[in-house]
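What you see is a predicted model, and the numbers here were worked out from it, not measured in a lab.
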Protein chains: 2
Amino acid sequence: MLRLTTQRQAILDLINQSNRHWDADDVARALLDTGHSIGIATIYRGLAALEAQGLIESVQLGDKRHYERADKAHHDHMVCTRCGNIDEFAHPTIEALQRAAAAEKHFRLTGHQLVMFGLCARCDTQGGAT
Amino acid sequence: MLRLTTQRQAILDLINQSNRHWDADDVARALLDTGHSIGIATIYRGLAALEAQGLIESVQLGDKRHYERADKAHHDHMVCTRCGNIDEFAHPTIEALQRAAAAEKHFRLTGHQLVMFGLCARCDTQGGAT
DNA sequence: CTTGATAGTGATAATGATTATCATTCCTGA
DNA sequence: TCAGGAATGATAATCATTATCACTATCAAG
Ligand SMILES: [Mn+2]
Ligand SMILES: [Mn+2]
Ligand SMILES: [Zn+2]
Ligand SMILES: [Zn+2]
């Protein structure tokens, strides 16, 4: 049975009280900054345990796994390749077409991941060249 | 300037004469099996160099980068979580809707990656349970 | 044909995110 | 109170990929 320990509660609170996407290191830094003492291994285990319980969700972006609140409707992500910002979008029609594409190939779809890369509005406006 | 050395030619031939997706280790094993002697570092560099020239393309699947021929039209991937098989599909409407979703958020789209996970037709038919 | 500059190779060390170990501590239910 | 499972934290281990570095291949002069 999953124990909601002090450490796990701290991780969960941190994530639930925000609207962003956190990797393990983000969480570690934030908790240390707020006076918590928690080992990095515990953070990894805590994140995995919380996700297994459906209390948080995650996306694999590049080589890092990012965690976010689970109380949001399904959505996909747009990642700014300049500032790293992660925005979200939902598109029911795209989802439906995915199911159709899977069905057409007799593929039993269990999950998907759609990531769009590019420049967020802010980065696009500002720095064009290097 | 890019030199198409013996090693790089071997990598390129291997990939071009196949229809599958190769990670660095796949390439290493295949080349060793056919009598080639090539260091793993050279394979990584060769794959990167060939991709930079547009001679091959790659997809990041999980924690591994997979390379494939570049002479195919754009497509996305469906990965069987049981046997690891990677199938492909193209869906122009999904692509168009992605551009629309990006435009709506004033996001300058430069690339995307759509991966569907599930069971391929064969795995779905056969083993249901473990 | 010698150079010299530059690119490429291969063995191996280093990196960086994540997992595994393991001794220790915390909880919980009998 | 106590035994056993669950969790923690420090640290070692993994694993794909990169970086180093000494050495070799290529090529364009001179
Ligand atoms: Mn999100
Ligand atoms: Mn492909
Ligand atoms: Zn940005
Ligand atoms: Zn399969």
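Using a cutoff of 4.0 Å between basic side-chain nitrogens and carboxylate oxygens, A:Arg82 and A:Asp124 are not scored as salt-bridged. A salt bridge links A:Asp25 with A:Arg29: the closest approach of a Lys/Arg side-chain nitrogen to an acidic carboxylate oxygen falls below 4.0 angstrom. Under a 4.0 Å N-O distance rule, the pair A:Lys72/A:Glu57 does not qualify as a salt bridge.
Within 6.0 Å of atom CZ in A:Arg69, more than 12 heavy atoms from other residues, nucleotides or ligands are found, so the atom counts as buried in its surroundings.
Across every non-hydrogen atom of B:Ile43 and B:Ala24, the tightest pair is CG2-O, 3.8 Å. Here the shortest heavy-atom pairing between A:Leu109 and B:Met116 reads CD1-CB, 3.4 Å. Between B:Ile86 and B:Val79, the shortest heavy-atom contact is CG1-CG2, 4.5 Å.
The interatomic distance linking A:Asp63 (CG) with C:dT15 (C1') rounds to 11 Å, in whole Å. As rounded to whole Å, 15 Å separates atom C1' of C:dT18 from atom NZ of B:Lys64. Per the geometry, CZ belonging to A:Arg8 stands 11 Å off P belonging to D:dA6, to the nearest Å.
Comparing the start and finish of the helix from C:dC1-D:dG30 to C:dA30-D:dT1, five pairs each, the helix axis swings through 10°, to the nearest 10 degrees.
Under a 3.5 Å cut-off, the side chain of A:Thr81 and the backbone N or O of A:Phe117 do not form any donor-acceptor pair. Of the possible polar contacts, none joining the A:Asn16 side chain to the A:Asp13 backbone as a donor-acceptor pair under 3.5 Å is found. Checked by atom type and distance alone, the side chain of A:Glu51 pairs as donor or acceptor with a backbone atom of A:Ser58 at under 3.5 Å. With hydrogens and angles disregarded, no donor-acceptor distance shorter than 3.5 Å links the side chain of A:Glu68 to the backbone of A:Ala70.
Among residue pairs with one or both ends in residues 96-107 of chain A, those qualifying as side-chain hydrogen bond (donor to acceptor under 3.5 Å, both in side chains) are A:Gln98-A:His112; sequence neighbours excluded. The ring-ring contact (aromatic ring centres under 6.0 Å, His included) contacts involving residues 15-46 of chain B comprise B:His21-B:His77, where partners must be two or more places apart or lie in separate chains.
Within a heavy-atom distance below 4.0 Å of DNA chain D, no residue of residues 50-59 of chain B is found. A heavy-atom distance below 4.0 Å to DNA chain D is reached by these residues of residues 11-47 of chain B, ordered by number: B:Ala41, B:Tyr44, B:Arg45.
A close approach under 4.0 Å does occur between a side-chain nitrogen or oxygen of B:Thr5 and OP1 or OP2 of C:dT9. Contact annotation: B:Gln7 side-chain N/O to C:dG10 OP1/OP2 distance is under 4.0 Å.
Heavy-atom nearest nucleotides on DNA chain C were determined for A:Arg65 and for B:Leu4, and the one closer to the 5' end corresponds to B:Leu4.
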Might you list the N or O atoms of the protein lying below 3.5 Å from N or O atoms in nucleotides 28-30 of chain C, with each pair's distance?
none

